[in-house]
There are 2 protein chains.
Amino acid sequence: MAASPKGRGSDPNARQRLIEATARVMRDEGYAAATSRRVAAEAGVKQALVYYYFPTMDDLFVEVLRAGGESALEHMRAALTNDDPLHALWLINNDASRTGLNTEFMALANHRKAIRVELRAYAERVRDIETAAVTVALRANGVDLDEHPPVVISMLIAQVARSLCNEVAVGVTLGHDEMRAYVERQLKLLAPVTGG
Amino acid sequence: MAASPKGRGSDPNARQRLIEATARVMRDEGYAAATSRRVAAEAGVKQALVYYYFPTMDDLFVEVLRAGGESALEHMRAALTNDDPLHALWLINNDASRTGLNTEFMALANHRKAIRVELRAYAERVRDIETAAVTVALRANGVDLDEHPPVVISMLIAQVARSLCNEVAVGVTLGHDEMRAYVERQLKLLAPVTGG
DNA sequence: GTCTATAGCTCGATAGAC
DNA sequence: GTCTATCGAGCTATAGAC
């Protein structure tokens, strides 16, 4: 339970706290709210300390993307090797806190070159992993991979899930129930549950 | 060719120029770059004039959304009543300048209530129009509307197209060719060309 | 209707004490 | 490693001349 004063459980060093605080602020209030003063307050340190650990705010953002990306990739690798990878892919991309942060980085990347480079590399690693998992699942179920290319199926599942999350974030839910039912139906067609 | 000095062709009134300038800056450099000084310069007027026409910057953003939204809806209604509505829907949502501006508004809406309310109303009008067009197209081609609900098909087409545009904007194109080929194939299955 | 000028604020980033 | 203090810039918004 009790974390030591300088342990790495709930009270890690300031650098790590700054990275986590920045991710939290970006997710909850948008990247525009992630100023040096705001994230410092969130991490319980003073503003100037941000520039001790990170030369510029862009460097901090890149670090948030790297750290969060590694953890997300790890989570993804684990989830995509279970019984029902297609369903796992759908669930992962329906996680609002994950997709919300990702959306903020997409917006940031649109006008910050350093972020764009990093995000692009990350997005392609994600796609590779997701596509590999889908390839295994489709092949195991005898699906024709020419008619249903794994990269296409993985993009469809991931992007539709993220789009729904983005819409929910602004209050749009029209058609969502129908879409979720439709996706469940299609997933069962592609990979009927066999693990029973 | 020559527009009159105060005509409404290429040199409309200042208010209209401010709205168009704001849309341009948002699309090209992101909403964070759309400051009162920046959009005033782009429109060829001084900063204070922005506040003569719009009480706050949020009011200006809402006006950009309303004006651009009306014009987009008009364009959409026209395109969706032609021979091949499904394909038209796909093409409209592949227009990078349209989807780029829409993405900026989604990002803005995440932490500005006034924008969120307006965007939500607009998004639902768009979905209604798109769904109506898809309904007509599917019914005309004898598609089972229970198996393929129009609202789902319209969301799939529109959201996949927008997702591709968003990815292109940050330099990600992995799997895009396969996806575009796949979509063309699926659209032909749902609505084979009959107008020849 | 358009301008100049400015108040009041927040930002990124730096200097330097401890 | 963390702090206080501050600079210079850019922002929204307002006041008031023309």
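Chain A is the first sequence line, chain B the second, and so forth, proteins listed ahead of strands; every chain is numbered from 1.
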> B:Tyr52 side chain N/O closer than 4.0 Å to the phosphate oxygens (OP1, OP2) of C:dG1?
Replying inline: yes
Can you name the atoms? Protein N/O to nucleotides 4-11 of chain D N/O, anything below 3.5 Å, with the distance.
from: D:dC11; atom 1: OP1; to: B:Thr35; atom 2: OG1; distance (Å): 3.2

> Side chains of A:Thr56 and A:Asp59: is there a donor and an acceptor less than 3.5 Å apart?
Replying inline: yes
>> Please pick, from C:dC3, C:dT2, D:dT2, the nucleotide with the shortest atom-to-atom distance to any side-chain atom of B:Val45.
In response: C:dC3
>> Surrounding CZ of A:Arg139 (heavy atoms of other residues, nucleotides or ligands, distance under 6.0 Å), is the total greater than 12?
In response: no
> Can you list the steps and then say if B:Met57 with B:Thr22 is a side-chain contact (heavy atoms from CB on, under 4.5 Å)?
Replying inline: CA-CA 10 Å; B:Met57 285 301 289; B:Thr22 304; 5.8 Å; no
> Does A:Glu178 use its side chain to pair, donor to acceptor, with the backbone of B:Val152 at less than 3.5 Å?
Replying inline: no
> C:dG12 P sits how many Å from A:Tyr53 OH, rounded?
Replying inline: 19 Å
> By salt bridge (charged side-chain N to carboxylate O under 4.0 Å, His left out), which residues pair with A:Glu147, not counting sequence neighbours?
Replying inline: none
> When the C1' atoms of the five terminal pairs at each end define the local axes, what inter-axis angle does the helix from C:dG1-D:dC18 to C:dC18-D:dG1 show, to 10 degrees?
Replying inline: 0°
>> Rounding to an integer number of Å, can you tell me how far A:Phe54 CZ sits from D:dT2 C1'?
In response: 15 Å
>> Measure CG/B:Asn13 against P/C:dT2 and give the value in whole Å, please.
In response: 8 Å
> Mind checking what makes salt bridge (charged side-chain N to carboxylate O under 4.0 Å, His left out) contact with A:Asp128, not counting sequence neighbours?
Replying inline: none
>> Restricting to side-chain contact (heavy atoms from CB on, under 4.5 Å), what partner residues turn up for A:Ser154, sequence neighbours left out?
In response: A:Leu89, A:Glu130, A:Thr131, A:Val134
Using distance only, find each side-chain donor-acceptor pair of residues 41-48 of chain A under 3.5 Å and give its atom names and separation, not counting sequence neighbours.
from: A:Glu42; atom 1: OE1; to: A:Arg38; atom 2: NH1; distance (Å): 3.1
from: A:Glu42; atom 1: OE2; to: A:Arg24; atom 2: NE; distance (Å): 3.1
from: A:Gln47; atom 1: NE2; to: A:Ser36; atom 2: OG; distance (Å): 3.1

